[in-house]
Amino acid sequence: MADRKQTFTPEARAEAVRLAQTSGRSRREIAADLGVGLSTLRNWIDGRREREMDHPPADRQEDMAAELKRLRRENEVLRQEREILKRATAFFAKEGSR
């Protein structure tokens with residue numbers, strides 16, 4: 001007799017993801033308790049993460065905007081530092097050849 005593919009409601013999947021993220025137990029243990037494969041649980045977690053990135057909750061949009069602003073500022077500082085190092089390397093290479 002062939003095994004029937006078990007289906008889970010979106011609510012059950014969301015609860016499984018919540019357990020995986022907050023319970024402190026391993027994903028393998030949670031998957032075994034729920035009777036699903038570890039890869040299935042991982043897919044559910046990844047899917048939720050992707051949906052949250054595409055459509056973040058309203059309260060997280062401000063956090064994400066602030067984080068983006070901070071990262072852009074940090075990126076600019078790193079670009080400037082890299083440019084300074086390039087110039088310093090060229091200068092000392094020129095001085096060393098004299």
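Predicted model only: the values in this text are computed from it and were never measured.
Looking at every heavy atom in both residues, Ile30 comes nearest to Ala16 through CG2-O, 4.4 Å. Between Ile45 and Val17, the shortest heavy-atom contact is N-CG2, 3.9 Å. Leu41 approaches Ala20 most closely through the heavy-atom pair CD2-CB, 4.4 Å.
Using a cutoff of 4.0 Å between basic side-chain nitrogens and carboxylate oxygens, Arg79 and Glu76 are scored as salt-bridged.
Of the possible donor and acceptor atoms, one in the side chain of Ser97 sits under 3.5 Å from a partner among the backbone N and O of Lys94.
By the side chain to side chain donor-acceptor pair (under 3.5 Å) test, Glu50 is found to be paired with no residue, residues two or more places apart in sequence or in another chain being considered. Shown here are the salt bridge (Lys or Arg N to Asp or Glu O under 4.0 Å) partners of Glu11, two or more places apart in sequence or in another chain: there are none. Judged as a salt bridge (Lys or Arg N to Asp or Glu O under 4.0 Å), and not counting sequence neighbours, Arg82 has no contacts. With sequence neighbours excluded, no residue forms a side chain to side chain donor-acceptor pair (under 3.5 Å) with Glu29. For Glu83, the side-chain contact (heavy atoms from CB on, under 4.5 Å) test picks out Lys86, Arg87, with sequence neighbours left out. For Glu81, there are no salt bridge (Lys or Arg N to Asp or Glu O under 4.0 Å) partners, not counting sequence neighbours. When the side-chain contact (heavy atoms from CB on, under 4.5 Å) test is applied to Ala32, no partner is found at least two apart in sequence or on another chain.
Of the inter-residue distances, the one linking Thr9 atom OG1 with Glu15 atom CD reads 10.0 Å to the nearest 0.5 angstrom.
Here Leu38 sits alone; no ILVMFWY side chain lies under 4.5 Å from its own, so it joins no hydrophobic cluster. Phe92 shares a hydrophobic cluster with Phe91; the chain of contacts runs through ILVMFWY side chains whose heavy atoms sit under 4.5 Å apart.
For residues 62-71, the side-chain hydrogen bond (donor to acceptor under 3.5 Å, both in side chains) pairs, not counting sequence neighbours, are Glu67-Arg70, Arg70-Glu74. Sorted by first and then second residue, the side-chain hydrogen bond (donor to acceptor under 3.5 Å, both in side chains) pairs involving residues 33-48 (not counting sequence neighbours) are Arg25-Asp33, Asp46-Arg49, Arg48-Glu52.
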